[in-house]
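One structure is given here, and the rest of the page talks about it.
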Amino acid sequence: TEVSVPNVPLPLFWSPDSRFIAFQVGNQLKKIDISGGSAQTLCTVPSYVVGGSWSRDGVILMGNASGGLMRVAANGGPTSKVTILKRSRNEFRHIFPTFLPDGRHFIYLRSADAPKDTGVYVGSLDVEPEDQDSKQLLATNFRPGYVATSGADSGRLLFFRDGALMAQPFDAHRLALSGEPSTVAQGVGLFHDVALFSASAGGVLAYRTTGANSPGLIWYDRQGQAVGQLGVAGTYYGAVDLSADGTQAAI
């Protein structure tokens, strides 16, 4: 099914029954039924929504590009804070929440000025925002993921390290990692602090690759035909700006 969702700057996320997609347009979080119809506004948001997770109990968690995590009912309503920034550690955002199987706990990424304070943490809907656990689960700058395995308390934490997607056993009852990480996929692509992968509740993984074989910047003529390569092969991010004489490009 193809659903037209205009002006979406950041990742979409699904309802647990795969019937709805939540997304941001302007300063509003919306949801749309994939079978058709108009999008429904759920709430107003103060900043960019950076990742989200939708529990089976009808709670939506949202990452915040300039603050802590927020929550809203899946049917819409007021938002409330779930986490707050730790100013003593110069945190500047909490993003990419993912619910754990109990629907009350979740993992998320805390970003701080100091690399040692940036990583994956575990939070709970049942504690006050200022009382969330400040013990780091894993040091990383990139979006984490979680996949349940056999049993409600057994799963894998997914994380990006040195170009590879890693998986490490995670006990969702003790809220702790165990064992050693293993490599799931090599050459996983990045966009800023987002590792380009997604894993379903059933354990199916999709990811985008990158690497030295990327063609890089290509010249095209006015008919849309490739006529040559600009610079060396590689992965480039952002816009390209050509010089006035058309012989150089800034990237």
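Because the structure is a prediction, the values reported are computed rather than measured. Note that these values count all heavy atoms, side chains included, but never hydrogens, waters or copies made by symmetry.
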Handout entry: T183 (side chain) donor-acceptor with A185 (main chain) under 3.5 angstrom
Key = no

Exercise for the section: Treat each ILVMFWY residue as a node, draw an edge where side-chain heavy atoms are under 4.5 Å apart, and state whether V45 and L42 are in one component. Expected result: yes

Practice task
Consider only side-chain heavy atoms of I, L, V, M, F, W and Y, link residues closer than 4.5 Å, and tell whether L61 and V120 are in one cluster.
Solution key: no

Exercise for the section: Just do the salt bridge (charged side-chain N to carboxylate O under 4.0 Å, His left out) check on D117 and R110 with the steps written out, would you? Expected result: CA-CA 8 Å; D117 295 325; R110 287 189 183 186; over 6 Å; no

Fill in the blank from the handout: Here the pair of heavy atoms bringing L175 nearest to V122 is CD1-CG1, 4.0 Å

Problem - Over 12 non-hydrogen atoms of neighbours within 6.0 angstrom of CD in E180 - result: no

Practice task
For residues L100 and I107, determine if any side-chain heavy atom of one lies less than 4.5 Å from a side-chain heavy atom of the other.
Solution key: yes

Practice task
Treating Ile, Leu, Val, Met, Phe, Trp and Tyr as nodes and any side-chain heavy-atom pair under 4.5 angstrom as an edge, say whether F92 and L109 lie in one connected cluster.
Solution key: no

Exercise for the section: Establish whether W54 and V59 are linked, either directly or via other cluster members, by ILVMFWY side-chain heavy-atom contacts under 4.5 Å. Expected result: no

Fill in the blank from the handout: Distance col, row W14:CH2 vs S200:OG, nearest 0.5 angstrom, shows 12.0 Å

Handout entry: Backbone N/O of S111 and side chain of T118: donor-acceptor pair under 3.5 Å
Key = no

Problem - Steps toward side-chain contact (heavy atoms from CB on, under 4.5 Å) verdict (F170, R156) - result: CA-CA 5 Å; F170 180 81; R156 295 287 189 274; over 6 Å; no

Handout entry: Side-chain heavy atoms of L69 within contact of Y108, under 4.5 Å
Key = yes

Fill in the blank from the handout: Contacts of R89 meeting side-chain hydrogen bond (donor to acceptor under 3.5 Å, both in side chains) (sequence neighbours excluded), chain-then-number -> E91

Practice task
Could you name each residue pair satisfying side-chain hydrogen bond (donor to acceptor under 3.5 Å, both in side chains) that touches residues 71-85, not counting sequence neighbours?
Solution key: T83-H94

Problem - Joint hydrophobic cluster, I84 plus F96, side-chain heavy atoms closer than 4.5 Å - result: no

Exercise for the section: Heavy atoms only: give me the nearest L137-L157 pair and the separation to one decimal. Expected result: CD2-CD2, 4.2 Å

Handout entry: D17 side chain to S15 side chain, donor-acceptor N/O pair below 3.5 angstrom
Key = yes

Problem - Between CD on residue Q186 and CE on residue M166, distance to nearest 0.5 Å - result: 8.0 Å

Problem - Y146 versus A172, closest heavy-atom pair with distance - result: OH-CB, 3.8 Å

Practice task
With rounding to the nearest 0.5 Å, note down the distance linking OG in S18 to CD1 in I34.
Solution key: 7.0 Å

Problem - Test item: Q132 side-chain N/O and V82 main-chain N/O as donor-acceptor pair under 3.5 Å - result: yes

Completion exercise
Heavy atoms of G103 and L125 approach each other most closely as O-CD1, 3.6 Å

Exercise for the section: Could you tell me whether the side chain of T98 and the main chain of G145 form a donor-acceptor pair under 3.5 Å? Expected result: no

Handout entry: Point-to-point distance, once rounded to the nearest 0.5 Å, from OG of S178 to CD of Q168
Key = 7.0 Å

Problem - Other residues, nucleotides, ligands: >12 heavy atoms within 6.0 Å of D113 CG - result: yes

Problem - CZ on F106 to OG on S124, rounded to 0.5 Å - result: 7.0 Å

Fill in the blank from the handout: In terms of heavy-atom contacts, F197 and P144 come closest through CZ-C, 4.2 Å

Handout entry: Pairs satisfying side-chain hydrogen bond (donor to acceptor under 3.5 Å, both in side chains), at least one member in residues 135-144, at least two apart
Key = Y121-Q136

Handout entry: Minimum side-chain heavy-atom gap L29-F23 below 4.5 Å
Key = no

Exercise for the section: Decide if the gap between the ring center of F142 and the ring center of F160 is smaller than 6.0 angstrom. Expected result: yes

Problem - Any side-chain heavy-atom pair of P46 and N64 under 4.5 Å - result: yes

Handout entry: Results of side-chain hydrogen bond (donor to acceptor under 3.5 Å, both in side chains) for R104 - residues two or more places apart only
Key = D126

Handout entry: Shortest non-hydrogen contact between V49 and Q24, atoms and distance
Key = N-OE1, 2.7 Å

Exercise for the section: Start with the C-alpha gap between R93 and V50, add the side-chain angles, then the distance that decides, and say whether side-chain contact (heavy atoms from CB on, under 4.5 Å) holds. Expected result: CA-CA 9 Å; R93 63 184 181 182; V50 187; 5.5 Å; no

Handout entry: 4.5 Å side-chain heavy-atom contact, M62 and C43
Key = yes

Practice task
Sequence neighbours left out, what passes salt bridge (charged side-chain N to carboxylate O under 4.0 Å, His left out) with R174? Give chain and number order.
Solution key: D171

Practice task
For the pair L205 and L165, evaluate side-chain contact (heavy atoms from CB on, under 4.5 Å) and give the outcome as yes or no after the intermediate values.
Solution key: CA-CA 11 Å; L205 175 71; L165 184 64; 3.7 Å; yes

Problem - Reported CD1-to-OG distance for the pair I32 and S38, which is rounded to 0.5 angstrom - result: 7.5 Å

Handout entry: Under 3.5 Å: donor-acceptor pair, side chain of K30, backbone of V25
Key = no

Problem - Any residue meeting ring pair (Phe, Tyr, Trp, His ring centres under 6.0 Å) with F99, in chain and number order, not counting sequence neighbours - result: none

